[in-house]
2 protein chains.
Amino acid sequence: MISSIAELISDRIGAMPAGERRAAQTLIANYPLTGLKTVAEFSAAAGVSSPTILRFVARLGFQNYPEFQSALQDELAAQLQSPASRTLDPGSAGGAVSPMLEATLDNMRETFRHLTDKQLADIATRLAERRGKTFLIGGRFTDPLARYMAAHLAIIQPDVYHLAGQESIWRDRLIDMGKRDVLVIFDIRRYQESLVRFAEKAHHRGVQIILFTDQWLSPIARFARHVIAGRTAVPSAWDSSAALFVVAETLIGAVTRQLEAAGAKRIRDLESLR
Amino acid sequence: MISSIAELISDRIGAMPAGERRAAQTLIANYPLTGLKTVAEFSAAAGVSSPTILRFVARLGFQNYPEFQSALQDELAAQLQSPASRTLDPGSAGGAVSPMLEATLDNMRETFRHLTDKQLADIATRLAERRGKTFLIGGRFTDPLARYMAAHLAIIQPDVYHLAGQESIWRDRLIDMGKRDVLVIFDIRRYQESLVRFAEKAHHRGVQIILFTDQWLSPIARFARHVIAGRTAVPSAWDSSAALFVVAETLIGAVTRQLEAAGAKRIRDLESLR
DNA sequence: GGAACGCTGTATCTTATGTTACGTATTTTG
DNA sequence: CAAAATACGTAACATAAGATACAGCGTTCC
């Protein structure tokens with residue numbers, strides 16, 4: 001079974017004429033980067049002419065060069081998104097637990113790899129400055145995340161509201177929202193139409209939207225000021241929201257720290273209670 | 001110091017107009033793949049027009065699109081050659097993100113190290129056999145976890161109830177509970193007195209209790225048939241429920257798999273809907 | 001040693017990609 | 001609230017990319 005293009009090449013490299021073989025070797029040497037460049041660059045790197053490169057990719061079974069490049073990109077995407085599980089605890093390799101845990105850990109690393117301190121700090125600042133109100137809402141499975149975040153934020157600052165219940169209920173809350181307010185939305189795949197509509201309306205009212213979504217980006221990203229894209233793929237019938245959960249916790253921590261640093265009276269009062 | 005294009009973007013994303021910010025977010029979401037595609041594909045993915053993409057790369061300081069792509073490719077080449085640096089950029093260890101993430105990942109490894117496959121399988125079986133009803137409840141901060149689990153379990157099997165609202169409300173539900181039923185409780189430090197009382201009463205009625213708690217064990221452990229102890233310590237003002245969250249997801253997956261294996265009609269019906 | 005075959009490169013063509021100009025919409029500022 | 005500035009998209013443009021035709025060369029097989 002041939003899964004990668006690299007395998008495909010080494011499978012057929014024996015049956016290639018000299019020029020194409022040079023192309024193949026050049027590509028393998030720093031795979032897959034050379035293949036992502038233009039035909040001209042590829043040919044220059046291999047020291048052959050452009051048509052030879054084209055004949056080479058044709059021999060691999062691709063209709064044209066762009067198709068070949070797309071295949072390479074897809075492969076690269078798969079590689080980048082599921083980093084080789086090298087953290088695997090050798091002792092617990094057998095059971096049904098490990099794959100799930102491994103995937104979840106990978107998801108978190110990947111999620112945070114795409115997330116800079118600055119991004120998080122910006123969002124935290126926006127949440128901490130509280131010029132207006134903060135609203136949180138989530139989809140069918142992610143609403144608990146919204147609740148979790150709301151439960152914490154509501155303690156350290158006033159005017160934090162979780163939007164619950166039926167659509168009509170939170171739609172009516174739109175009337176309270178303005179450009180000084182922040183709306184935190186959780187929406188992962190099988191994006192909810194009702195949430196998208198809600199986000200759009202809020203956006204039109206000038207509300208700043210912070211979106212927690214998956215890597216395929218909810219349509220709400222269109223309206224969002226900040227987008228956090230978490231990885232959700234795990235070996236299960238369900239998607240995993242764990243990565244988003246951790247981001248949420250991180251943000252809660254960051255907001256708390258900022259408010260502490262700002263010397264908010266509420267925080268001092270809170271500490272005396274703890 | 002700015003070394004990668006991703007950093008460059010998150011550094012300037014704040015000073016970008018909406019359209020370009022969407023482009024930036026789309027690129028970051030699955031970095032750097034979108035940037036390697038054509039302008040047309042990039043713009044389609046971001047939901048903006050081609051010129052916006054070009055303005056975006058111009059704002060990053062590139063003369064033209066090909067130059068931008070070359071930079072991405074160079075970066076990718078460097079990354080691919082030293083796979084070690086892909087896990088987590090050691091350079092960014094100074095920020096506020098890493099310690100939090102590191103601690104969370106450690107928590108999960110620790111939590112699962114003390115959790116055997118058999119334990120999880122037993123609990124999953126208990127949840128899947130559904131001789132009776134399943135109730136879920138949580139504390140102030142952990143109630144969202146109960147909701148999250150309930151949202152999933154309620155789909156794959158009937159008679160799943162999340163106990164919400166005021167204490168008096170769920171106390172009255174005790175009357176519905178018997179020895180065939182299961183009660184899943186989430187309770188971490190600053191254990192809630194009301195939850196303990198509730199657990200005790202349920203226990204006396206013969207209800208089997210599955211407890212999610214922290215490593216110091218809620219007093220409810222006294223009455224619990226199964227106890228899952230997750231690590232909660234992170235460098236933050238708050239405890240982290242992330243490890244428990246992942247255990248919950250793992251359990252959800254395990255229960256789903258067991259029901260599938262048992263050929264439950266509900267699951268087949270569900271699959272036809274997906 | 002000659003002829004046939006196949007591989008390779010040059011030059012040309014076509015396509016679609018990146019680029020730019022301009023009008024409209026939106027936001028910001030006084 | 002008005003006016004200026006900025007941002008955005010449509011459409012036309014130029015260019016560079018991939019594809020193709022053809023001729024030269026080397027190789028191989030009678």
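The chains referred to below are lettered A, B, ... by the order of the sequence lines, with proteins before strands, and numbering in each begins at 1.
- Note: A:Phe68 and A:Phe42 have parallel aromatic rings, judged against thresholds of 30 and 60 degrees for the angle between ring planes.
- Candidate nucleotides C:dT19, C:dG9, C:dC7 were compared by shortest atom distance to the side chain of A:Ser49, and C:dG9 ranks first.
- One interatomic measurement links the two molecules: NZ of B:Lys37 to C1' of D:dA17, which rounds to 18 Å at whole-angstrom precision.
- Between B:Thr52 and D:dG9, a side-chain N or O to OP1/OP2 separation shorter than 4.0 Å is present.
- A distance-only check finds no donor-acceptor pair linking the side chain of A:Glu20 to the backbone of A:Pro17 [under 3.5 Å].
- Here A:Thr213 contributes atom OG1 and A:Leu195 contributes atom CG; the two are 10.5 Å apart, rounded to the nearest 0.5 Å.
- Note: A:Tyr148 and A:Phe245 have tilted aromatic rings, judged against thresholds of 30 and 60 degrees for the angle between ring planes.
- Taking a 4.0 Å limit (strictly below) on heavy-atom distances, residues 58-66 of chain B reaches DNA chain C at B:Asn64, B:Tyr65, B:Pro66.
- Rounded to a whole Å, the CD atom of A:Gln69 is 10 Å from the C1' atom of D:dG18.
- Under a 4.0 Å N-O distance rule, the pair A:Arg126/A:Asp122 does not qualify as a salt bridge.
- As a whole-Å value, the separation of B:Phe56 CZ from C:dT20 C1' is 20 Å.
- Looking only at atom types and distance, the side chain of A:Gln258 has a donor-acceptor partner in the side chain of A:Thr125 under 3.5 Å away.
- We find that CD of B:Glu20 is positioned 11 Å from C1' of D:dT6, with the value rounded to whole Å.
- Residue A:Pro51 is in base contact, counting any heavy-atom pair closer than 4.0 Å across all strands shown.
- B:Leu36 places its CG atom 16 Å from the C1' atom of C:dT17, with the value rounded to the nearest Å.
- Taking atom CG of A:Leu54 as the reference point, atom P of D:dT20 lies 9 Å away to the nearest angstrom.
- When the local axes at the two ends of the helix from C:dG1-D:dC30 to C:dG30-D:dC1 are compared, using 5 base pairs at each end, they differ in direction by 30° after rounding to 10°.
- With DNA chain D read from its 5' end, the first of the two nearest nucleotides for A:Val39 and A:Arg55 is the one closest to A:Val39.
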Give the C-alpha distance, both sets of side-chain angles, the deciding distance and a yes or no for salt bridge (charged side-chain N to carboxylate O under 4.0 Å, His left out) between A:Asp176 and A:Lys133. CA-CA 9 Å; A:Asp176 300 331; A:Lys133 301 181 279 295; over 6 Å; no
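- A:Thr104 meets the side chain to side chain donor-acceptor pair (under 3.5 Å) test with no other residue; sequence neighbours excluded.
- What separates CZ of A:Phe223 from C1' of C:dT26 is a distance of 16 Å, to the nearest Å.
- We find that CZ of B:Arg22 is positioned 13 Å from P of C:dT26, with the value rounded to whole Å.
- Between A:Trp170 and A:Phe135, the ring center distance fails the sub-6.0 Å criterion.
- Regarding contacts with the backbone of D:dA16, every side-chain N or O of A:Thr38 stays at 4.0 angstrom or more from both OP1 and OP2.
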